[in-house]
Amino acid sequence: MPGRFLVLEGVDGAGKSSQVERLRHWLPRSGLMPAGARLLVTREPGGTPLGEQLYPILLSRRLTVHSRAELLLFAADRAQHVEAVIRPALNAGHWVVSDRFSGSTVAYQGYGRGCDLDLVHTLEQVATGGLTPDLTLWLDLPPQQARARKSPQGQDRFEGAGLDFAQRVAHGFRQLARERGWRRIPAGEACAAVEAAIQAATRSAFAA
Ligand code: TYD
């Protein structure tokens, strides 16, 4: 039986990375995964050796990168990630949790940068080879609140892109959640409450 593919999405500062760590601990003990299935935790950008090389290019504030070039670089990162990491793990019956997936490209490059949405969706098909998550958990936090959690030092190209950009991205996530049936997780609560909401949503999606 193929494994299951879970994705966390949301604006910068929504708390995805710490919730991914909590899932890493909880999911194998949850009783949801069949015997023999392992959990693989990964992320975009950067979940492969190629992605590790692309990561500093994608996030550098010193480089000028045209929005269509940025779109293609994220697509390249994803194609490699799907074929080298995610699909083989799922085919072997393992479960995969990814910190971001193709929804981030629709939100950031489509809604945020203004790349043509038809082009973004076409490229999404190319990059994913048609692979879609079994469950997407959308950590919903207003961009003003999310930004307040991040220090202004060491901001990457997206964190430093301004509140208007962040608001367009947040709007993109809201649209996607509606169109794609994502599970909304209110992310302004205490960490433990967000974790409990994630566990409840995961159980309701996967309990036999
Ligand atoms: P992020 O998950 O914040 O990584 P880290 O925790 O290492 O900073 O992702 C880095 C940035 O990349 C984030 O601002 C969102 C952006 N991004 C896109 O613009 N498009 C994409 O397709 C992906 C996956 C990420």
Side-chain angles (χ1 to χ4, degrees), residues 5-24 41-48 50-82 84-86 96-117 119-129 131-133 136-141 143 146-147 149-173 175-176 180 182 185 187:
F5 182 26
L6 285 75
V7 170
L8 274 80
E9 293 281 14
V11 296
D12 293 284
K16 286 177 298 82
S17 305
S18 50
Q19 292 300 332
V20 163
E21 286 314 307
R22 287 164 184 243
L23 270 174
R24 186 200 291 279
V41 176
T42 185
R43 65 167 189 167
E44 290 190 0
T48 64
L50 173 66
E52 291 293 335
Q53 304 276 321
L54 291 173
Y55 186 89
I57 297 172
L58 282 165
L59 299 196
S60 167
R61 290 186 77 166
R62 285 200 217 102
L63 285 172
T64 304
V65 182
H66 188 276
S67 56
R68 224 163 49 244
E70 185 179 276
L71 174 67
L72 289 165
L73 287 167
F74 276 109
D77 173 67
R78 181 159 306 118
Q80 186 70 16
H81 193 212
V82 166
V85 174
I86 303 175
V96 177
V97 169
S98 185
D99 187 343
R100 299 193 183 281
F101 192 59
S102 61
S104 281
T105 300
V106 181
Y108 282 83
Q109 280 65 52
Y111 286 85
R113 298 282 194 227
C115 288
D116 178 73
L117 281 178
L119 174 64
V120 173
H121 289 132
T122 303
L123 266 177
E124 182 178 13
Q125 283 301 313
V126 175
T128 61
L131 180 72
T132 53
T136 299
L137 300 160
W138 167 45
L139 272 61
D140 182 21
L141 191 68
R147 287 164 83 81
R149 291 179 172 182
K150 291 249 161 183
S151 101
Q153 271 87 49
Q155 285 181 330
D156 63 36
R157 198 160 65 231
F158 300 95
E159 290 159 355
L163 191 56
D164 279 1
F165 176 79
Q167 272 162 344
R168 289 196 300 276
V169 171
H171 170 70
F173 278 128
Q175 291 284 113
L176 278 165
R180 299 188 178 188
W182 290 356
I185 306 291

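All residue numbers refer to positions in the sequence shown, counting from 1. Order of appearance sets the numbers: ligands from 1, and atoms from 1 within every ligand.
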Which atom pairs, donor and acceptor, lie under 3.5 Å between side-chain atoms of residues 50-62 and protein residues at least two apart or in another chain?
unit_1, atom_1, unit_2, atom_2, d
Ser60, OG, Arg62, N, 3.0
Ser60, OG, Leu63, N, 3.4

With atoms numbered from 1 as shown, which atoms in ligand 1 lie under 4.0 angstrom from a non-hydrogen atom of [X]?
{"X": "Lys16", "value": "2 (O)"}
{"X": "Ser104", "value": "20 (N), 21 (C), 22 (O), 23 (C), 24 (C)"}
{"X": "Thr105", "value": "21 (C), 22 (O)"}
{"X": "Tyr55", "value": "4 (O), 5 (P), 7 (O), 8 (O)"}
{"X": "Asp12", "value": "3 (O), 13 (C), 14 (O)"}
{"X": "Arg43", "value": "7 (O)"}
{"X": "Glu44", "value": "24 (C)"}
{"X": "Gln109", "value": "18 (C), 19 (O), 20 (N), 21 (C), 22 (O)"}

(message) Using a 4.0 Å heavy-atom cut-off, which part of Leu59 comes near ligand 1: side chain, backbone, both, or neither?
(response)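 The side chain, only.
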Donor-acceptor list for residues 12-22 side chains, cut-off 3.5 Å, not counting sequence neighbours:
unit_1, atom_1, unit_2, atom_2, d
Asp12, OD2, Tyr108, OH, 2.8
Lys16, NZ, Asp99, OD1, 2.8
Ser17, OG, Asp99, OD2, 3.2
Ser18, OG, Gly15, O, 3.3
Gln19, NE2, Cys191, O, 3.2
Glu21, OE1, Arg24, NE, 2.8
Glu21, OE2, Arg24, NH2, 3.2
Arg22, NH1, Glu195, OE1, 2.8

Which protein heavy atom lies closest to [atom], and at what distance to 0.1 Å?
{"atom": "atom 6 (O) of ligand 1", "result": "Ser17 OG, 4.1 Å"}
{"atom": "atom 9 (O) of ligand 1", "result": "Arg100 NE, 3.4 Å"}
{"atom": "atom 18 (C) of ligand 1", "result": "Phe74 CZ, 3.2 Å"}

Are [X] and [Y] packed together at the side-chain level, in the sense that at least one heavy-atom pair is separated by less than 4.5 angstrom?
{"X": "Glu70", "Y": "Phe158", "value": "yes"}
{"X": "Leu123", "Y": "Phe74", "value": "no"}
{"X": "Glu124", "Y": "Thr105", "value": "no"}
{"X": "Val41", "Y": "Leu23", "value": "no"}

(message) Distance check, rounded to the nearest 0.5 Å: Ser104 atom OG versus Arg78 atom CZ?
(response) 7.0 Å
(message) Using a plain distance cutoff, I'd like to know if Glu159 has any nitrogen or oxygen under 3.5 Å from a nitrogen or oxygen of ligand 1.
(response) no
(message) Does ligand 1 come near enough to Glu70 that some N or O of the ligand is less than 3.5 Å from an N or O of the residue?
(response)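 No; the residue has no nitrogen or oxygen that sits under 3.5 Å from a nitrogen or oxygen of the ligand.
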(request) Taking His171 for its side chain and Gln167 for its backbone only, find out whether a donor-acceptor pair lies under 3.5 Å. (result)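 Checking the backbone N and O of Gln167 against the side chain of His171, no donor-acceptor pair under 3.5 Å is found.
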(request) Please confirm whether the backbone N or O of Asp156 pairs with a side-chain atom of Glu159, one donor and one acceptor, at under 3.5 Å? (result) yes
